[in-house]
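So you know, we letter chains A, B, ... as the sequences are listed, proteins then strands, and number each from 1.
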Amino acid sequence: MNAAEPMLSIQGLTVSYDGIAAVKGISFDALPGEIVAIVGANGAGKTSTLRAISGLTPWGGSIVYQGESLRGVAVHQIVERGIAHVPEGRAIFGDFTVMENLRLASWVCRSRPVLWQAMERVFTLFPRLKDRREQSAGTLSGGEQQMLALSRALLASPKLLLLDEPSMGLAPLVVRDIFRVLVEINRAGTTILLIEQNAYQGLRIANRAHVLETGSIVLSGRGSELMQDQRVKDAYLGG
Amino acid sequence: MLYVLQQTLNALQLGSIYALIALGYTLVYSILRMINFAHGDIFMVGGFVCFAAATYLQLPFAVTLLLAMGCTAILGAGLERLAYRPLRDAPRVSAVITALGCGIFLEHFVLWLSPYPQHVPALLQNQTWSLGGLSVSSIQTAIVAIAVALMLVLDFIVQRTMLGLAMRGISMDMKAVALMGVPVDLVISSTFAFGAALGGAAGVLYSLAYPVVDPYMGVLMGWKAFIAAVLGGIGHIRGAVLGGFLLGAVEILVTAFLPSTYRDLTVFTLLLMLLIVRPHGILGRPTLQKV
Ligand SMILES: Nc1ncnc2c1ncn2[C@@H]1O[C@H](COP(=O)(O)OP(=O)(O)O)[C@@H](O)[C@H]1O
Ligand SMILES: [Mg+2]
């Protein structure tokens, strides 16, 4: 694959619920190794966009990943192909222990060595999870749950990581830690598509970013450019 | 005292059959929040496969049991694939009505094949041992032993394997399990197959104890086992076992001390009273959606 060829290419994507359009024909792409951010207010259609890519919701338009359309591909096959999705609200299995959460996420690991290597990596990134591996996941703090959600995604050794508001409900210091790890994961070669209501954090680490408003992209540019944009400052960065 | 002990033994036999059927209801409920009302009729099909295997093929008992479990497993997974999967996003009540319809279809399909009750030939040689005044039959022992063995196998699968982990995960959050790369449909099919196989096994064990099968035998047994599952806490595997044995015990003890015509009335009244005290069953806890 040519390095300049997008890893993910989205053209005219639409998502509707009961005939009401939530995503109205947006187009964007992500190059290998990039961090792409989509920022926007609550209800703009950010989550719907990610759910479409993962096959969790019906969609129109085109989604091409590594040169192949994802139309008709089942959710678990999309994961097998290398797209991991950390959903909104993290979706931790609260009645499971940390280790059980990780074991279930290791379903796609093809062999023991691959599994142990992935586990090693996860516990190096988040030593705190290693100490708490027998603890019930529902009793973890919000930050620890986000670490666990990220860890589960990493066990699939993804090429593309979809993150739905990783900063949601977390204290600023914890958010900084999580974003530091995201940059680390990205440097190690994983492309990231990041969705944030917390526009400052999202734009800070993004190579390119798009602003989504009621289902349409209204502004696109480099992350650093958008941070300076007056409209973005007014609407999303608190002036 | 001896009499009570003797009746307790009998209760174990009946209870283990209820427990096996109840497990099928609870397994399906725990992952889909749906009551598979065709399950009692799957039990009946198990009985008929047993009858056919023993009468026409004269297969040994172990093979008969495995055959009945295999056929009902395929039937359970097939029903899920054809009838319930298309309705997975529909209101729960549609799936429940469909399940009732599937049950009636199974009854009438078997009725068409075999309009009369059929006698099942002896599958095992019966022997009765006397232990200090208690009489224990080999059939009774076999029923309880096989049922308990199957429950242990199921417990192992659910608690110790990746498949079981996925099943338990689905009961919490199906979408999240799919995002872990788990083929959720396959796990759901397997769950239906396991539940139905246990029901089929119960049909065989029932035919050991009461060797007559008829197309409507699953109706009352199905309702009772469903109640056993609710009693134990629907969705809880250990609750289904507990509920099954409890129902068996109550039934046998009521019959032992009251005229047998009062059996079902007394049993159901007691169970309803228990559910007033513990609406979510013995081991259950409140959940958001109930059928
Ligand atoms: N499952 C659903 N059913 C109906 N409407 C939905 C559903 N999910 C989202 N919506 C609607 O679609 C729009 C976009 O939602 P969403 O993608 O969750 O936005 P965001 O993640 O940016 O907050 C909103 O108006 C929301 O109410
Ligand atoms: Mg959202």
Restricting to non-hydrogen atoms, name the atom on B:Asp173 and the atom on A:Ala91 that form the minimum distance, rounded to 0.1 Å. OD2-CB, 3.7 Å

Do other residues, nucleotides or ligands put more than 12 heavy atoms under 6.0 Å from B:Arg85 CZ? yes

Would you give the length of the straight line joining atom CG of A:Asn101 to atom CG of B:Leu165, rounded to the nearest 0.5 angstrom? 8.5 Å

Within a reach of under 6.0 Å around CZ of A:Arg71, are more than 12 heavy atoms found that belong to other residues, nucleotides or ligands? yes

Would you mind checking which part of B:Met162 comes under 4.5 Å of any heavy atom in chain A, side chain (CB onward), backbone (N, CA, C, O), both or neither? both

Would you compute the distance between atom CG of A:Leu104 and atom CG of B:Leu179 and round it to the nearest 0.5 angstrom? 11.0 Å

What residue in B:Val184, B:Asp185, B:Val177 has the most heavy-atom pairs under 4.5 Å with chain A? B:Val177

Is A:Arg51 in contact with chain B via its backbone, its side chain, both, or neither, using a 4.5 Å heavy-atom distance? side chain

Heavy atoms, side chains only, cut-off 4.5 Å: are B:Met180 and A:Trp107 in contact? no

Separation of A:Leu56 CG from B:Lys175 NZ (nearest 0.5 Å): 6.0 Å

Counting heavy-atom pairs under 4.5 Å with chain B, the top scorer among A:Arg90, A:Gln77, A:His85 is A:His85

Quick test of your reading: applying ring-ring contact (aromatic ring centres under 6.0 Å, His included), list the pairs with at least one residue in residues 20-52 of chain A, sequence neighbours left out, ordered by first then second residue. A:Phe28-A:His210

At a heavy-atom separation under 4.5 Å, does A:Arg103 approach chain B through its side chain, its backbone, both, or neither? both

If I compare all heavy atoms of B:Gly169 with all of A:Phe93, which pair ends up nearest, and what's the gap? O-CE2, 3.7 Å

For A:Ala156, which atoms come within 4.5 Å of any heavy atom of chain B: side chain, backbone, both, or neither? neither

